[in-house]
Amino acid sequence: MLTLFVCIHWLNQKLKSGCGCHGDCRTFHSHFLENFMSDQTQATEASTLAAAVPTTERPSAFAVNIGNLLTKGNPEQSIGEAMDALVTQRVDWENNELASANDGLYALLQHCYSLNNAMSGTGVAAKGLKKGLANYIDAKGLKFTDATPLITKIVKCVFGVDRRRVNAYASALKVAIAEKKQVMELPKFFRDNGGIEEVRRSNTKKPKSVKDKAALGRSVLDGDVLATVSGDSLNANYSTESLEEGVVLLATREDDGTFAVRKVVQNKSVINSALATFASVGAEQEKARQLQEEQNAVDEQRAAARAALKAA
């Protein structure tokens, strides 16, 4: 740039003082300076105009990239370069913008999860919070059924009425609840498991097999004894080679109100089928056990929080 300035200054001085050149030379020098200065003026005006044009009116990166793609001489090579450039942009987006957006979402869900934990249980504070939430729901005109889980209500209040989004977020949080994740580890739990969608899919309810139902129904074997029967014939029909957790006694009710045992069934499939019919009983007991464990966990967190406040 400095060299160009010196050359222009030298030409200008020669034209003023006379360079000893012939007329054609002086004409060339004069035309060169006029054209150069004209080009510089146009370039300056163009730069000023470009700076004044709003960003939204400038060519988009998409338009420029497509233009370059269509005008290059080797389409086969150009498309590969274009794809590589898009991959680079995608990686940058995932590592920066998407990651930042996900972090914000996980933080919101973390707060929802914390509220759900605070409202769980039967304590005075939990009841007060749930009553306040019910009042808020009424004020906002939101509608829920009696069977709507608490976490779903919270998510809908926060994220609006988009059914698919509410279901996705609530389902993912249900997985965290079932796995008893701590509030502070929730964002890491989502990141480590591939995000909200992957966690949500793991909560998809699959039909239980007879074996699964039998496992739930097996709890009835520890229930109350309705009656006891004994007899030599009954023991004679019992096989010690098939020691299952239970047996099925096929009986009929007689006219006098007694039950006559007609067959002792020790077939594993039959026993599992019988136990599977009581799966709902086992499921209710398991649900009650989980709720109690969740309440215990909430009580422990509250006690730890109070202890930390006292220590501070």
Side-chain angles (χ1 to χ4, degrees), residues 86-121 123 125-126 129-130 132-134 136-137 140 142-145 147-208 212 216 283 286-309:
L86 287 175
V87 169
T88 300
Q89 292 179 36
R90 186 264 302 169
V91 171
D92 180 71
W93 170 71
E94 286 181 342
N95 292 337
N96 295 286
E97 296 179 36
L98 179 61
S100 178
N102 282 340
D103 287 343
L105 172 61
Y106 297 161
L108 284 170
L109 294 178
Q110 188 178 29
H111 283 291
C112 293
Y113 190 68
S114 179
L115 287 174
N116 180 83
N117 288 351
M119 294 184 199
S120 298
L129 291 172
K130 282 188 281 191
L133 178 64
Y136 179 86
I137 289 171
K140 295 297 181 181
L142 298 173
K143 302 296 181 182
F144 298 103
T145 66
T148 302
L150 175 61
I151 190 63
T152 302
K153 294 178 181 179
I154 295 172
V155 170
K156 189 171 182 178
C157 287
V158 174
F159 290 94
V161 295
D162 186 320
R163 184 174 59 83
R164 286 187 295 181
R165 182 165 70 162
V166 169
N167 286 343
Y169 294 168
S171 295
L173 289 172
K174 287 177 185 177
V175 174
I177 293 171
E179 296 189 14
K180 301 178 178 61
K181 297 298 178 183
Q182 297 296 318
V183 172
M184 297 309 296
E185 67 176 322
L186 192 68
K188 184 177 184 300
F189 169 67
F190 287 142
R191 284 193 294 267
D192 292 348
N193 288 277
I196 298 296
E197 185 61 22
E198 290 301 319
V199 173
R200 180 195 69 81
R201 286 177 182 174
S202 68
N203 192 41
T204 302
K205 293 183 178 179
K206 299 178 181 179
K208 288 185 173 63
D212 294 333
L216 288 172
E286 177 63 18
K287 183 177 180 180
R289 184 189 65 80
Q290 290 180 354
L291 287 174
Q292 185 59 50
E293 288 185 358
E294 290 174 7
Q295 179 59 41
N296 293 340
V298 171
D299 291 341
E300 289 176 3
Q301 291 179 7
R302 288 174 178 166
R306 286 194 293 266
L309 287 173

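No experiment lies behind these values; they were computed from the predicted model shown.
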field: Derivation and outcome, salt bridge (charged side-chain N to carboxylate O under 4.0 Å, His left out), residues Glu197 and Arg200
entry: CA-CA 5 Å; Glu197 185 61 22; Arg200 180 195 69 81; 2.5 Å; yes
- prompt: After noting the C-alpha distance and the side-chain angles of Glu179 and Phe189, does the key distance pass the side chain to side chain contact (heavy atoms under 4.5 Å, CB included) rule?
  reply: CA-CA 10 Å; Glu179 296 189 14; Phe189 169 67; 3.6 Å; yes
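Between Leu115 and Ile151 there is no side-chain heavy-atom pair separated by less than 4.5 Å. Put simply, the side chain of Asn116 does not reach to within 4.5 Å of the side chain of Leu173, judged on heavy atoms.
Under the side chain to side chain contact (heavy atoms under 4.5 Å, CB included) criterion, Thr148 pairs with Phe144, Thr145, Thr152, Lys153, not counting sequence neighbours. Scanning for side chain to side chain contact (heavy atoms under 4.5 Å, CB included) contacts around Glu198 gives Arg201, with sequence neighbours left out. Judged as a side-chain hydrogen bond (donor to acceptor under 3.5 Å, both in side chains), and not counting sequence neighbours, Lys140 has no contacts. Not counting sequence neighbours, Lys130 has no partner by the salt bridge (charged side-chain N to carboxylate O under 4.0 Å, His left out) test. Not counting sequence neighbours, the partners of Asn96 by the side-chain hydrogen bond (donor to acceptor under 3.5 Å, both in side chains) test are Asp92. Legend: residues meeting side chain to side chain contact (heavy atoms under 4.5 Å, CB included) with Glu97, ordered by chain and number and at least two apart, are Trp93.
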Check: residues 155-167 side-chain donor-acceptor pairs under 3.5 Å, at least two apart:
{"residue": "Asp162", "atom": "OD1", "partner": "Arg164", "partner atom": "N", "Å": "3.2"}
{"residue": "Asp162", "atom": "OD1", "partner": "Arg165", "partner atom": "N", "Å": "3.3"}
{"residue": "Arg165", "atom": "NH2", "partner": "Phe159", "partner atom": "O", "Å": "2.8"}
{"residue": "Asn167", "atom": "ND2", "partner": "Arg163", "partner atom": "O", "Å": "3.3"}

When the side chains of residues 104-114 are checked against the rest of the protein, which donor-acceptor pairs come out under 3.5 Å, sequence neighbours left out?
{"residue": "Gln110", "atom": "NE2", "partner": "Val183", "partner atom": "O", "Å": "2.9"}
{"residue": "Tyr113", "atom": "OH", "partner": "Ala176", "partner atom": "O", "Å": "3.2"}
{"residue": "Tyr113", "atom": "OH", "partner": "Lys181", "partner atom": "N", "Å": "3.4"}
{"residue": "Tyr113", "atom": "OH", "partner": "Lys181", "partner atom": "O", "Å": "2.5"}

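Screening residues 103-114 for salt bridge (Lys or Arg N to Asp or Glu O under 4.0 Å), with sequence neighbours left out, gives Asp103-Arg191.
Heavy-atom minimum distance, Ala126 versus Ser120: CB-O, 3.5 Å.
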